[in-house]
Amino acid sequence: MFDLKIEKIIAKDVKEVFQSLKAGKLFMNCSADSNTIQIDFRVGGKYKLDFKSHKVSNWGEFLEIVPDKKIVFSWCQTFGLDQKPDTTVTIELFPDGTKTKLVLQHSGFKDQAQCDNHYQGWIGGLTDLSTEMEKGSVRLVRRYDLPVEKLFALVKSGNLFGDMHDVVQDQKILIGSDVSLSFLVREEGKSALEITQAGLTSDAAVIASRKHWDLVTNKLGEMIG
């Protein structure tokens, strides 16, 4: 079996970090669709996540919860027929002055490649979670099976995103004063849209932002087919 371990310092106290985890914000920052997340946060409670970009779902059960200290849950994910590895995630929180040291361990992988893929996912999610909590900035990346120039043209010509300015062909569009759209090449014939919104001054604003952009990107995916 293969395991991974990640440590992250977040400039918030343990109570606030724990509440963010309880609300599923780490899942959201790992690109789970905020409008599909189901969480029954108690020992024995279940959760379910949909990752629209990857066209997979995750589910599991909370195995241990120690308020402000520890969360343990099982992790199952659809990778294809008869491929449902049941691994375990343990998150521990330690006070570090006015900050929090978060330690995430994910164990039980059947091969190194899946372990490495999840390492990258958790690293990105923890980085975006800390940025969201510390600076009020939300970042979403959604993948599409469309060349970057076609994705750019579709976004620019549609009415899903609002008033646009500072347009850089096939690369970037700004919306208002605080939203940036970046167009990323994944591989031949595939691309990704990165949405960043800054200046969110409350938890309610962060939640509303995520729900809004998830709805918009889902509609974009429906247009692409």
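Reckoned from all heavy atoms, side chains included, excluding hydrogens, waters and symmetry mates.
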Should Val141 and Leu193 be marked as a side chain to side chain contact (heavy atoms under 4.5 Å, CB included) after you check the CA-CA gap, both sets of side-chain angles, and the distance that decides it?
CA-CA 6 Å; Val141 178; Leu193 175 62; over 6 Å; no

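- Counting heavy atoms from C-beta on, the side chains of Met164 and Val155 come closer than 4.5 Å.
- Partner of Ile91 under the side chain to side chain contact (heavy atoms under 4.5 Å, CB included) criterion, chosen from Leu102, Val72, Leu126: Leu102.
- Linking Ile, Leu, Val, Met, Phe, Trp and Tyr residues whenever their side-chain heavy atoms come within less than 4.5 Å leaves Phe18 and Ile207 in two separate clusters.
- Expressed to the nearest 0.5 Å, how far OG of Ser180 lies from NZ of Lys172 amounts to 4.0 Å.
- For the pair Arg186/Asp145, a side-chain contact is recorded, criterion being any heavy-atom separation below 4.5 Å from C-beta on.
- The OG atom of Ser191 lies 5.5 Å from the CG atom of Leu146; values are rounded to the nearest 0.5 Å.
- Inter-residue side-chain proximity for Arg210 and Asn29 is flagged as met; some heavy-atom pair is nearer than 4.5 Å.
- Residues Thr36 and Leu49 are not in side-chain contact: their nearest non-hydrogen atoms beyond the backbone lie 4.5 Å or more apart.
- No donor-acceptor pair under 3.5 Å is formed between the side chain of Ser137 and the backbone N or O of Ala198.
- Here the CZ atom belonging to Arg142 is positioned 13.0 Å from the CG atom belonging to Leu184, to the nearest 0.5 angstrom.
- Atom OG of residue Ser20 and atom CG of residue Leu129 lie 6.0 Å apart, to the nearest 0.5 angstrom.
- Ring orientation note: the planes of Phe73 and Phe62 are nearly perpendicular, at an angle over 60° on the 30°/60° scale.
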Phe27/Leu21 under side chain to side chain contact (heavy atoms under 4.5 Å, CB included): CA gap, chis, key distance, verdict:
CA-CA 8 Å; Phe27 297 145; Leu21 296 173; over 6 Å; no

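- Heavy-atom minimum distance, Pro67 versus Ile65: CD-O, 3.9 Å.
- Linking Ile, Leu, Val, Met, Phe, Trp and Tyr residues whenever their side-chain heavy atoms come within less than 4.5 Å places Trp213 and Leu160 in a single cluster.
- Distance CG/Asn218 to CE/Met223: 13.0 Å, rounded to 0.5 Å.
- When all heavy atoms are compared, the tightest approach of Ser130 to Ile10 is CB-CG1, 4.0 Å.
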Check the pair Leu4 / Phe109 against side chain to side chain contact (heavy atoms under 4.5 Å, CB included), numbers first and verdict last.
CA-CA 9 Å; Leu4 65 85; Phe109 291 103; 3.8 Å; yes

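- Salt bridge present: Asp68 and Lys15 bring a charged side-chain N and a carboxylate O closer than 4.0 Å.
- Under a 3.5 Å cut-off, the side chain of Asp178 and the backbone N or O of Gly199 do not form any donor-acceptor pair.
- A donor-acceptor pair under 3.5 Å is absent between the side-chain atoms of Arg139 and the main chain of Glu132, judged by distance alone.
- The two residues Ala32 and Ile37 make their nearest non-hydrogen contact at CB-CD1, 4.1 Å.
- A side-chain hydrogen bond (donor to acceptor under 3.5 Å, both in side chains) with Asp116 is found for one member of Gln120, Gln112, His118 and no other, namely Gln112.
- Using a 4.0 Å cut-off between a side-chain N of Lys or Arg and a carboxylate O of Asp or Glu, Asp40 and Lys46 do not qualify as a salt bridge.
- Judged purely by atom type and a 3.5 angstrom limit, His212 has no side-chain atom pairing as donor or acceptor with the backbone of Ala208.
- Residues Thr127 and Lys8 meet the side-chain proximity criterion, which asks for heavy atoms closer than 4.5 Å.
- Thr100 is not listed as a side-chain neighbour of Ile9, based on a closest heavy-atom distance of 4.5 Å or more.
- The same ILVMFWY cluster, assembled from side-chain heavy atoms under 4.5 Å apart, contains both Phe183 and Ile224.
- Within 6.0 Å of the CD atom in Glu188, the count of heavy atoms belonging to other residues, nucleotides or ligands does not exceed 12.
- Heavy-atom neighbours of Lys48 NZ from other residues, nucleotides or ligands within 6.0 Å: above the threshold of 12.
- Between Glu134 and Lys12 no salt bridge is recorded (no basic side-chain N to carboxylate O distance below 4.0 Å).
- Taking the charged nitrogens against the carboxylate oxygens, Glu64 and Lys70 do have a contact shorter than 4.0 Å, which makes a salt bridge.
- Of all non-hydrogen atoms in Asn35 and Asp33, the two that sit nearest each other are N-OD1, 2.8 Å.
- Side-chain contact between Val216 and Asp214: absent, with no pair of heavy atoms (C-beta onward) separated by less than 4.5 Å.
- When all heavy atoms are compared, the tightest approach of Asp50 to Ser57 is OD1-OG, 2.7 Å.
- In this structure, the side chains of Leu181 and Phe152 stay at 4.5 Å or more apart for every pair of heavy atoms.
- A centroid separation of 6.0 Å or more is found between the aromatic rings of Tyr47 and Phe41.
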Show your reasoning for whether side chain to side chain contact (heavy atoms under 4.5 Å, CB included) applies to Thr217 and Ile195.
CA-CA 10 Å; Thr217 53; Ile195 303 173; 3.6 Å; yes

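- Expressed to the nearest 0.5 Å, how far CD1 of Ile123 lies from SG of Cys30 amounts to 10.5 Å.
- Hydrophobic cluster membership for Phe94: Val103 (Ile, Leu, Val, Met, Phe, Trp, Tyr linked by side-chain heavy atoms under 4.5 Å, directly or transitively).
- Put simply, Val168 and Val179 are part of two different groups of oily side chains (I, L, V, M, F, W, Y) that touch within less than 4.5 Å, one to the next.
- Between Lys99 and Asp13 there is no salt bridge, since no side-chain N of the basic residue sits under 4.0 Å from a carboxylate O of the acidic one.
- Each of Thr88, Thr87, Thr90 was checked for a side-chain hydrogen bond (donor to acceptor under 3.5 Å, both in side chains) with His106, and the lone residue meeting it is Thr87.
- The backbone N or O of Ala205 lies less than 3.5 Å from no partner atom in the side chain of Ser209, so there is not a single donor-acceptor pair.
- Between the side chain of Asp96 and the backbone N or O of Lys101, no donor-acceptor pair lies under 3.5 Å.
- If you check the side chains of Asp3 and Gln105, you find no donor sitting under 3.5 Å from an acceptor.
- Note on Leu174: it does not cluster hydrophobically with Leu151, by side-chain heavy-atom contacts below 4.5 Å among ILVMFWY residues.
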